[in-house]
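Report on the structure given below.
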Amino acid sequence: AALDSEKIAVSLDEVSGVTQKGPFLSGSKVLVKELEDGRSLTQTGNNFDGKILNDKGEFKITARMLVSQYVMLEATGYYRNEVTGENSNSPLTLFGITDVTTRNIVNINLLTHLEYERVIYLVTKKKMKVLEAKKQAQQEIFDILHIDNSNFSNSEDLSIAGSSDEDGALLAFSILFQGDRTVSQLTELLTRVSTDMEKDGVWDNSTAKMGIAEWAADADSSGKLAQIRTNVKNWNLSTMVPKFEPFVRHFWYKEYGLGDCTEGRVNEVAAATEGKRAGTKTRYICKDTDG
């Protein structure tokens, strides 16, 4: 019989990682759900339980004798909110899908969650391999914020406690989607985006997207981004907070029709052509900062 490359039995002594919106709090639950193979992505019903060990969102799970290398992860719990600095007032559930043959560290975050439905669609309906489907879905999700992720690792490698550009991009995503939303409003937004992108990979709601950009522009001009940086820094997840500000700025500048503030444009004054400041007297000045 030919070897089925989309179904390789695996045994994991330990799957570990971090669960983050902001970090999930100690006691949150993580489930690893075994999947039949990499084509149907059907759950076998065999699940492995774990829980979050600390307020950094770190978890560990033992998953022995998996029938295939593909697993689905589901995390539910309260999380730290980057925007308020406080703990969320109700629990959030995030999903992820991954291939564990080459890894025993898997992070669950907004990106793994948003790509989930799309990956399942591409694999089961478009017959793509899981790895290809994940790459495509990740690019489509980063397109929402006009981020080029061509050199990024997989979503489950990223962490808001990391130090790389791609970690900064994840943190920007987490902050922008959070905004001033309650957990139920955030859940609703995530569901709407996932459902909308499932079949065509595009989030078509330009009004909702502009709403996020307007929140970002206000947060940027009021000094709220600095407060968010302080909030995340105070959690002591790592020695530094990745640079999320450039991604936040690039997004709202683009949505407002301003273009990027590059070296050649320092001191240039521009008016927004889109959003709530379009057609008003508000002008934006490109300042020379390292942020």
Side-chain angles (χ1 to χ4, degrees), residues 12 14-35 41-64 66 70-100 103-120 134 137-138 141 154-161 170-171 173-195 197-198 231-232 235 237:
L12 293 169
E14 193 175 85
V15 182
S16 60
V18 286
T19 299
Q20 298 170 332
K21 159 50 206 61
F24 274 52
L25 301 176
S26 173
S28 302
K29 291 202 166 8
V30 183
L31 274 179
V32 171
K33 300 186 171 187
E34 181 181 58
L35 300 177
L41 299 180
T42 313
Q43 294 181 23
T44 65
N46 196 8
N47 297 340
F48 301 87
D49 287 344
K51 63 169 187 287
I52 312 274
L53 306 171
N54 53 39
D55 288 348
K56 291 184 175 186
E58 294 170 342
F59 66 90
K60 283 188 170 46
I61 295 173
T62 301
R64 303 205 193 281
L66 294 165
Y70 297 105
V71 297
M72 177 229 171
L73 294 103
E74 180 182 318
T76 302
Y78 293 83
Y79 66 88
R80 292 162 147 188
N81 180 326
E82 306 89 334
V83 177
T84 61
E86 306 293 319
N87 295 342
S88 69
N89 49 13
S90 52
L92 176 71
T93 297
L94 295 178
F95 299 132
I97 198 163
T98 192
D99 171 350
V100 288
R103 62 171 64 243
N104 55 3
I105 292 183
V106 182
N107 295 335
I108 309 168
N109 52 50
L110 279 198
L111 296 174
T112 64
H113 184 77
L114 285 168
E115 73 183 17
Y116 179 77
E117 298 290 348
R118 178 69 172 146
V119 167
I120 290 176
K134 279 176 66 71
Q138 192 197 38
I141 289 156
N154 282 324
S155 310
E156 63 271 38
D157 295 314
L158 307 186
S159 164
I160 64 170
L170 169 65
L171 183 52
F173 228 104
S174 302
I175 290 163
L176 290 170
F177 267 59
Q178 179 66 59
D180 295 324
R181 290 174 186 82
T182 62
V183 179
S184 59
Q185 288 167 334
L186 173 63
T187 301
E188 189 191 346
L189 175 64
L190 293 173
T191 305
R192 285 206 316 258
V193 175
S194 300
T195 309
M197 294 184 75
E198 182 187 4
N231 292 344
V232 178
W235 295 339
L237 303 177

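For the single chain, residues carry numbers from 1 onward in sequence order. Atom set for the values below is all heavy atoms of this structure, side chains included, hydrogens, waters and symmetry mates excluded.
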[X] vs [Y] side-chain heavy atoms within contact, under 4.5 Å:
{"X": "Leu186", "Y": "Tyr79", "value": "yes"}
{"X": "Glu115", "Y": "Lys134", "value": "yes"}
{"X": "Phe177", "Y": "Val193", "value": "yes"}
{"X": "Lys29", "Y": "Asp49", "value": "no"}
{"X": "Asn104", "Y": "Glu14", "value": "no"}
{"X": "Arg80", "Y": "Leu237", "value": "yes"}
{"X": "Leu190", "Y": "Leu110", "value": "yes"}
{"X": "Val71", "Y": "Lys33", "value": "no"}

Atom pair [atom1]/[atom2] of [X] and [Y] - distance to nearest 0.5 Å:
{"X": "Asn107", "Y": "Leu73", "atom1": "CG", "atom2": "CG", "answer": "10.0 Å"}
{"X": "Leu114", "Y": "Gln138", "atom1": "CG", "atom2": "CD", "answer": "11.5 Å"}
{"X": "Ile108", "Y": "Ser159", "atom1": "CD1", "atom2": "OG", "answer": "12.5 Å"}
{"X": "Asn81", "Y": "Lys21", "atom1": "CG", "atom2": "NZ", "answer": "6.0 Å"}
{"X": "Leu111", "Y": "Ser174", "atom1": "CG", "atom2": "OG", "answer": "7.0 Å"}
{"X": "Asp55", "Y": "Asn87", "atom1": "CG", "atom2": "CG", "answer": "7.0 Å"}

Under the side chain to side chain contact (heavy atoms under 4.5 Å, CB included) test, which residues partner Asn89, sequence neighbours left out?
Val183
Using side-chain contact (heavy atoms from CB on, under 4.5 Å) as the criterion, point out the one residue from Leu35, Val100, Thr98, Ile97 that pairs with Tyr70.
Leu35
Out of Leu66, Thr62, Leu12, which one pairs with Phe48 under the side-chain contact (heavy atoms from CB on, under 4.5 Å) rule?
Leu66
I need the minimum non-hydrogen distance between [X] and [Y], along with the two atoms involved.
{"X": "Glu74", "Y": "Met72", "answer": "OE1-CE, 3.9 Å"}
{"X": "Glu34", "Y": "Thr44", "answer": "OE1-OG1, 2.6 Å"}
{"X": "His113", "Y": "Leu94", "answer": "ND1-CA, 3.3 Å"}
{"X": "Thr84", "Y": "Asn231", "answer": "C-ND2, 3.8 Å"}
{"X": "Trp235", "Y": "Pro23", "answer": "CZ3-CD, 3.5 Å"}
{"X": "Phe59", "Y": "Lys51", "answer": "CB-O, 3.7 Å"}

Is there a side chain to side chain contact (heavy atoms under 4.5 Å, CB included) between Asp180 and Val83 once you walk through the steps?
CA-CA 7 Å; Asp180 295 324; Val83 177; 4.0 Å; yes
Distance-only, no hydrogens or angles: does the [X] side chain make a donor-acceptor pair with backbone N or O of [Y] under 3.5 Å?
{"X": "Glu82", "Y": "Gly85", "answer": "no"}
{"X": "Asn109", "Y": "Ser155", "answer": "yes"}
{"X": "Thr195", "Y": "Thr191", "answer": "yes"}
{"X": "Ser88", "Y": "Ser90", "answer": "yes"}
{"X": "Asn154", "Y": "Glu156", "answer": "no"}

With sequence neighbours excluded, what pairs up with Thr76 under the side-chain hydrogen bond (donor to acceptor under 3.5 Å, both in side chains) test?
Thr93
